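Everything below concerns the one structure shown next.
Worth saying up front: this structure is predicted, and the values here are computed from it rather than measured. Positions are given from 1 along the sequence.
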Amino acid sequence: MTNASPTDLTWAKSSYSGGNNNCLEVAHGTADALPVRDSKRPTGPVLTIPNPVWTTFITSVKTTELA
């Protein structure tokens, strides 16, 4: 991942969150990983997930392999 500080990233949460703070936020625009954080703790820790791992996870969710 780039050396960008979490405060330098543009964070977004799902439109399904309903406007509350009980969700995850992701930051797009990094070259090789997806930063993820808890929306209730915007200055808290950031989990950095490599792009291939995130893609596999999303594909599994979409195809209900995780159900």
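- In this structure, Lys13 NZ and Arg37 CZ are separated by 9.5 Å, a value rounded to the nearest 0.5 Å.
- Using a 4.5 Å heavy-atom cutoff, the side chains of Ser39 and Leu24 are not in contact.
- Taking the side chain as every heavy atom from C-beta outward, Val46 and Val36 never approach each other to under 4.5 Å.
- Every pair passing ring-ring contact (aromatic ring centres under 6.0 Å, His included) that includes a residue from residues 26-56 is listed here, sequence neighbours excluded: Trp54-Phe57.
- Side-chain contact check for Thr30 versus Leu9: some heavy-atom pair is nearer than 4.5 Å.
- Legend: residues meeting side-chain contact (heavy atoms from CB on, under 4.5 Å) with Pro50, ordered by chain and number and at least two apart, are Pro52, Val53.
- Not one N or O on the side chain of Asp32 forms a donor-acceptor pair closer than 3.5 Å with the backbone of Asn51.
- Interatomic distance, Cys23 SG to Glu25 CD, rounded to the nearest 0.5 Å: 6.0 Å.
- Within the 4.5 Å cutoff, the side chain of Leu47 has no heavy atoms near those of the Pro35 side chain.
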